[in-house]
Amino acid sequence: MSPSASTEQPSPGRLVVVSNRLPVTLSQTNGEWEARASSGGLASAMEPILRQTGGLWIGWAGDDGELDPEQRASLLSSTAQDFAYIPVEFPPGAGEAFYKGYPNQTVWPLFHLFPARMNFDPPSWHDYVAGNEHFAATVAANLREGDLIWIHDYHLMLLPRMLREQDPAIKLGFFLHIPFPSSEAFAFLPRGDEVLLGLLGADLLAFHTHQHLQHFRSCLLRILAIESSMDSVEYQGRTIKLEALPIGIDPTGLASLIQHDPRTKERIEELRSQYADKHVIVAVDRLDYTKGIPERLHAFRTLMRQRPDLKEKVVMLQVAVPSREGIGEYQSLSSEINELVGEINGEFGTPQWTPVMYLRQSIERSSLAALYAVADVAWVTPLRDGMNLVAKEYCACKLNDDGVLVLSQFAGAAVEMGEALLVNPYDEEQVAAAVERALSMRPGERKRRMRHLRERVSRNDVFDWARRFLKSLAAVGLEQTPSAQALNVRAVEDAYKKASRRLLILDYDGTLVPIQDNPGNAVPPDALIRTLTRLAADPGNVVAVLSGRSADEMEDWLGAVPGLHLGAEHGALSRKAGTETWEHLVPTPGAMEWKAKMRSVFEHFVQRAPGSFVEEKEYSIVWHYRRVEPQFGHWLAAELAGLMEGLLAETDARPVLGRGIVEVRPVWVNKGLFASHLLAEEEPSLQLGAGDDSTDEDVFDRLGEHAWTIHVGTGRSRAQYWLKDTGAMLRLLDTLAATAEARAA
Ligand code: ADQ
């Protein structure tokens, strides 16, 4: 199918896959251009899915601008089967510059925790931006309404934002195939803030493991001061879903090669007879320093030294497909491996026996399946890996469940493959001992472990992975609560008139009074006091003002309004109308030892940021930085909140970023409790809740389905209605007060 033919097909919800490389590479042999399928985790994973679902795959074809667009399209269409390849056009040289620079010399080493191997050449950042722009242009030119866009991996982390800016309505998911580093490591990344903002253009961001996902969240907090929840982040009025989705493989495809493909069967027989009297250990990797090949060879040498009796009884087949050969790091890795293999074979080899068989090439899928099927042990010990498909492929090929997997604990795959022998690849002796154990493991244990591994690999296959990603992406928007509507004041007034018993729960700062630079200046104006007094005087009303402020402040400012209920410290404290005492709605904060420890950390931040100050309340401790230079203040706030996350991990307290504040308080203190408390005592026929920030959402959630929930100001909310600002809110309250008075008169 040609690219142009495919773009004419009317099928809404079409899948558009975007990755750096197309799974075909255009290259020249004897002056003739040809299209060749390329190896690599992504190609192995995506091809079967695209074949199943149809659609477009947009990516670079690797010819670096030497072919003209028609030649390229025609070569590519000769290889595509049930889907179309759309090549991204780069000016000559620009494709290589993009690929080899920032993604592979800066992001790749850092994300795999090799900061010492990270290189950053400032022009490479501009190539990265330009590269992502080329992709954005190609995607935009081929996009149809209703398409689902699925962007893959670290080369294209700016693309989600670029596409979102072109069309805010697109549905776009991003999957990161490599690990996401901790915020401490990520902080080294030059232009890391722009990378994070780039990713936030997506509707769905998925990672292989929860650890990667948590790292991403802590980077958002520490670097951009953006809070998130376990499975989502609110940004610029959109909800971005966050998911951990471990990739799988196509186990049935591999099994059918072993069972039905004559070439695979033949190769299995060859290998069996060649190594009839030997244990076969297999290792298959891309030639990359993250895969731990030299470390593995060192461990193999240790094993051979410790176990001379294994002489001529074991063979290690190391297959390594060259990759990124133009980058210096990779050339020196290749030489290092050659030397090590030579040394080991020289030290232990005999005329009849070569201990390490090193194949530096890409091998056919049929040969790969045969190798896995024959191998007694798979030795998969990357130093760090997003997932590692080799571990799963090996298990899928053990149709008789007879084989042992030795797996690095730093591969994403380790999370799901607990029956493997998990090792620290940096510990040569531990790894050698694990391989020794694998070689001597009794058949019963071997089979039991492998059966579980294989079942899981079969169940969580690549199709299931893709289905889950696409289901989640397709549901974006449908799951989100509809945006609030502008409040119709007449309608509230009518409902208010009809109701005999009414409950009004009003937030203070940002709802009844505008936000002030100095929080101490938010004194209630006389007009507000008068309105609240009029409302509270109506015997049909229960009126409560509920704030995050301390009980003392609430009392000073609003304590004299007759009949008004007060809530302080986000509802942990309540003062009923007509009483003078504050009641603790949640257990008294006696057990909050963390507060004393936090105080000294907060004070350190006060010293760093003149103008900021610490406020201590019964249930919380707050750092106020509204008077600090904003950029510096936000930067420190993010640092403080990130630090607190770690320090408080084992307590029930968490940092919350507010407007100009970082507040640490127990998770169980929230305004919803206060609302529930009032609802339990009253039986209102009308409920109204108003607030302006995220702490008020808990009130909206607790009030009944028919409540008038009002969000004051812009931004996302679960409230049913919105009002523009505090002025509009006061006018509404005035109107309601006047309604009641008119009726009484
Ligand atoms: P890769 O780093 O490429 O992928 P990996 O998951 O091991 O790593 O996938 C390699 C693939 O290439 C496997 O399917 C393997 O069979 C194949 N392969 C390797 N050597 C080969 C050879 N000599 N000949 C033929 N085929 C060979 C990235 C991330 C991983 C993540 C994948 C998928 O780095 O962590 O698992 O994406 O998300």
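Values below: every heavy atom of this structure, side chains too, minus hydrogens, waters and symmetry copies. Model, not experiment: these values are computed from the prediction. Note that ligands are numbered from 1 as they come in the structure, with each ligand's atoms numbered from 1 the same way.
Between the choices Gln361, Gln318, Met387, the shortest heavy-atom distance to atom 23 (N) of ligand 1 belongs to Gln361.
Listed by number with element, the atoms of ligand 1 under 4.0 angstrom from any heavy atom of Trp108 are 34 (O). Set against the non-hydrogen atoms of His177, the atoms of ligand 1 under 4.0 Å away are 29 (C), 30 (C), 31 (C), 33 (C), 35 (O), 37 (O), 38 (O). Within the listing of ligand 1, atoms 16 (O) sit less than 4.0 angstrom from a heavy atom of Tyr372. The ligand atoms of ligand 1 that sit less than 4.0 angstrom from a heavy atom of Gly386 are 35 (O). Interface of Asp285 with ligand 1, defined as ligand atoms under 4.0 Å from a residue heavy atom, comprises 19 (C), 20 (N). Atoms of ligand 1 lying under 4.0 Å from any heavy atom of Arg365, numbered from 1 in the order shown and given with element: 16 (O). Listed by number with element, the atoms of ligand 1 under 4.0 angstrom from any heavy atom of Val284 are 19 (C), 20 (N), 21 (C). Set against the non-hydrogen atoms of Ser362, the atoms of ligand 1 under 4.0 Å away are 22 (C), 23 (N), 24 (N), 25 (C).
Taking 4.0 Å as the cut-off between side-chain N and carboxylate O, Asp401 and Arg454 count as a salt-bridged pair. Salt-bridge check for Arg14 with Asp147: passed, with a basic side-chain N closer than 4.0 Å to an acidic carboxylate O. One finds a salt bridge joining Arg296 and Asp285 here, because a Lys/Arg side-chain nitrogen approaches an Asp/Glu carboxylate oxygen to under 4.0 Å. Residues Glu419 and Arg456 are paired through a salt bridge, judged by an N-O separation under 4.0 Å between the basic side chain and the carboxylate.
At under 3.5 Å, not a single nitrogen or oxygen of His112, backbone or side chain, sits near a nitrogen or oxygen of ligand 1. The shortest N/O to N/O separation between Val319 and ligand 1 does not fall below 3.5 Å. The distance criterion of under 3.5 Å between nitrogen or oxygen atoms is met by Glu393 with respect to ligand 1.
At a heavy-atom distance under 4.0 Å, only side-chain atoms of Ile247, from C-beta outward, approach ligand 1. At a heavy-atom cutoff of 4.0 Å, ligand 1 is contacted by the side chain of Leu368 but not by its backbone. Contact annotation for Phe111 and ligand 1: no heavy atom of the residue comes within less than 4.0 Å of the ligand. Under 4.0 angstrom from ligand 1, there are no non-hydrogen atoms of Phe175. With a heavy-atom cut-off of 4.0 Å, Glu364 does not touch ligand 1 at all.
In this structure a side-chain-to-backbone donor-acceptor pair under 3.5 Å is present from Ser408 to Phe410.
In this pair, Trp150 and Trp465 present their aromatic rings tilted. The plane angle is within the 30 to 60° band. The aromatic rings of Phe180 and Phe207 sit perpendicular, their planes meeting at an angle over 60°, well past the 30° parallel limit.
Between Leu172 and Asp203, the closest side-chain pair of non-hydrogen atoms falls below 4.5 Å. Counting heavy atoms from C-beta on, the side chains of Arg267 and Ser366 never come closer than 4.5 Å.
Residue contacts with ligand 1 do not include Tyr394, since none of its heavy atoms lies under 4.0 Å from the ligand.
In this structure, the ring of Phe186 has its center no less than 6.0 angstrom from the ring center of Phe216. Less than 6.0 angstrom separates the ring centroid of His208 from the ring centroid of Phe175.
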